[in-house]
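Keep in mind it's a predicted model, so treat the numbers as computed, not measured. Note that ligands are numbered from 1 as they come in the structure, with each ligand's atoms numbered from 1 the same way. Quick note: numbers below take in every heavy atom, side chains included, and nothing from hydrogens, waters or symmetry partners.
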Amino acid sequence: MDLYEHQARDLFERHGIVVPAAEVTDSPRRAREIARRLGGRVVVKAQVKTGGRGKAGGVKLAADPAAAELTARQILGMDIKGHTVGTVMLARPVDIDSEFYVSYVLDRAAGRFLAIASAEGGTEIEEVAATRPEAVARVPIDLAEGVTSAKAAEIAAAGGLPPQTVDVLVRLWQVLVREDALLVEVNPLVRTPRGQLVALDGKVTLDDNAAFRHARWGGDSTGPTDPLEAAAAAKGLHYVRLDGEVGVIGNGAGLVMSTLDVVAGCGARPANFLDIGGGASARIMADGLSVVLSDPAVKSVLVNVFGGITACDAVAEGIVRALDTVRLTRPLVVRLDGNNAAEGRAVLDAHRHPLVEQATTMDGAARRAAHLATTA
Ligand code: GDP
Ligand code: MN
């Protein structure tokens, strides 16, 4: 579960990290009152669970309460990378001398946590990491040892951060451990002209598996943050968005995961994981297809079904009926095997659709879908 910036800010504050005075609202009029309380000048910040808000126009300085109201009105309702801005945070502005980047992140491949630190924080950090990786230090953390002052000094030195960041680095680790987070990121951690360190932006991902020991986690922030994933979850579908171009629909998590691998093996990238489960009714097929096709990145769709308890002809009927309600705009490759596969193929053959084709093997189907996606 990802937190909003204002929630991360509150967690940091609770663990003794200095953050700007700030309040959240969904109303421009209240934004004006908050700005007045905070001293007039404020930074108005879109609260969406995605980065790059500054570059998207979601972080703006307002000179006085009237400007804060106007700016809040502009930012509320704005779309930032598919996320609609529902609330803004108004923060007392901080003068910046330097911007640093610090985070602790779970390195799943290595099975441990990493500290990432750079003296070149701010909105260009991805660019820095891509073009000059040596400017971004990555320090593995021994979980048994954690981040002691000595370890924090090592991280600071590796990232070129001033020694005074040691205290923040230790506290940030305490946030991760005590709050059961998988990621804590501060970008930028700023040094003011007077030498104070302030966490100006925060990103925290909590470990959902630890929800049982955090009663106050409840509330609005549970559930998927990707808009398509949220739409799929609302329909009861197990859908995870990925970053490729071949939409994948299958029955059973194991089969779907293998399908992702086979698609990747064919030189294309899966656009999603979608398991329609055991009973692939027409409604589930239609819901699944419409979710997958709502992703503009999808260039072809691969339906891979192995009939077991659910017979392939029932799945085929589901696909045919789904095509009555969903306008198919990209090619669909269907592979049916297992229980009643021949009957299922006959159903699809009988309802010829110019964008639907069949394949008899999983490899053949993946190759065809990958080809259609990469030549589209
Ligand atoms: P992001 O773009 O989503 O990462 O949003 P941030 O909260 O990090 O804000 C983007 C950038 O706006 C920061 O890197 C700062 O350079 C700038 N910024 C944000 N808050 C302040 C502030 O209080 N004072 C100043 N001077 N700049 C700020
Ligand atoms: Mn930031």
**Request:** Determine, stepwise, if the pair Trp173 / Val184 fulfils side chain to side chain contact (heavy atoms under 4.5 Å, CB included).
**Result:** CA-CA 8 Å; Trp173 180 256; Val184 290; over 6 Å; no
Solution key, residues 77-91 side-chain donor-acceptor pairs under 3.5 Å, sequence neighbours excluded:
unit_1, atom_1, unit_2, atom_2, d
Asp79, OD1, Gly82, N, 3.1
Lys81, NZ, Gly51, O, 2.9

**Request:** Could you tell me whether Arg29 atom CZ has more than 12 heavy atoms of other residues or ligands within 6.0 Å of it?
**Result:** no
**Message:** Would Pro93 count as being in polar contact with ligand 1, using the rule that some N or O on each side must be under 3.5 angstrom apart?
**Reply:** no
**Asked** Identify the closest protein heavy atom to atom 4 (O) of ligand 1: which residue and atom is it, and at what distance?
**Response** Asp201 OD2, 3.1 Å
**Prompt:** Just by distance, do the side chain of Gln47 and the backbone of His6 share a donor-acceptor pair under 3.5 Å?
**Reply:** yes
**Request:** Take Phe12 and Val204 through the side chain to side chain contact (heavy atoms under 4.5 Å, CB included) test and state the conclusion after the steps.
**Result:** CA-CA 10 Å; Phe12 293 168; Val204 171; 3.9 Å; yes
**Asked** Is the closest N or O pair between Lys45 and ligand 1 shorter than 3.5 Å?
**Response** yes
**Prompt:** Nearest protein heavy-atom contact for atom 10 (C) of ligand 1: which residue, which atom, what distance?
**Reply:** Thr123 CG2, 3.7 Å
**Item:** N/O separation below 3.5 Å, Glu99 to ligand 1
**Value:** yes
**Prompt:** If only atom types and distance count, is the side chain of Thr325 paired as donor or acceptor with the main-chain N or O of Ala322 below 3.5 Å?
**Reply:** yes
**Message:** At less than 4.0 angstrom from any non-hydrogen atom of Gly52, what atoms of ligand 1 do you find?
**Reply:** 2 (O), 3 (O)
**Request:** Using atom types as modelled and distance alone, determine if a side-chain donor or acceptor of Asp97 lies under 3.5 Å from a backbone N or O of Arg194.
**Result:** no
**Prompt:** Identify the closest protein heavy atom to atom 5 (O) of ligand 1: which residue and atom is it, and at what distance?
**Reply:** Arg53 NH2, 3.2 Å
**Request:** Could you walk me through whether Thr131 and Glu124 pass the side chain to side chain contact (heavy atoms under 4.5 Å, CB included) test, one step at a time?
**Result:** CA-CA 11 Å; Thr131 55; Glu124 302 299 327; over 6 Å; no
**Asked** Roughly how far, to the nearest 0.5 Å, is CZ of Arg321 from CZ of Arg283?
**Response** 12.0 Å
**Prompt:** N/O to N/O below 3.5 Å, does that happen between Asp95 and ligand 1?
**Reply:** no
**Message:** Can you confirm, on distance only, whether ligand 1 has an N/O atom lying under 3.5 Å from any N/O atom belonging to Lys55?
**Reply:** no
**Asked** Quick check: are there more than 12 heavy atoms from other residues, nucleotides or ligands sitting under 6.0 Å from NZ of Lys151?
**Response** yes
**Message:** Tell me the protein heavy atom at minimum distance from atom 20 (N) of ligand 1, and give that distance in Å.
**Reply:** Leu200 CD2, 3.5 Å
**Message:** For atom 27 (N) of ligand 1, tell me which residue out of Val48, Thr192, Val94, Ile96 has the closest non-hydrogen atom.
**Reply:** Ile96
**Heavy-atom protein contact below 4.0 Å for atom 13 (C) of ligand 1** = yes
**Fill in**
The expected count of protein N/O/S atoms at less than 2.8 Å from the Mn ion (ligand 2) is 2
**N/O separation below 3.5 Å, Gly54 to ligand 1** = yes
**Prompt:** What atoms of ligand 1 come within less than 4.0 Å of a heavy atom belonging to Asn187?
**Reply:** 8 (O)
**Asked** Do other residues, nucleotides or ligands put more than 12 heavy atoms under 6.0 Å from Ile309 CD1?
**Response** no
**Message:** For a side chain to side chain contact (heavy atoms under 4.5 Å, CB included) check, start with the C-alpha distance between Val42 and Ile34, then their side-chain angles and the critical distance, and finish with the verdict.
**Reply:** CA-CA 9 Å; Val42 286; Ile34 294 169; 5.9 Å; no
**Request:** Verify, without hydrogens or angle tests, whether Glu229 (side chain) and Arg241 (backbone) share a donor-acceptor contact under 3.5 angstrom.
**Result:** yes
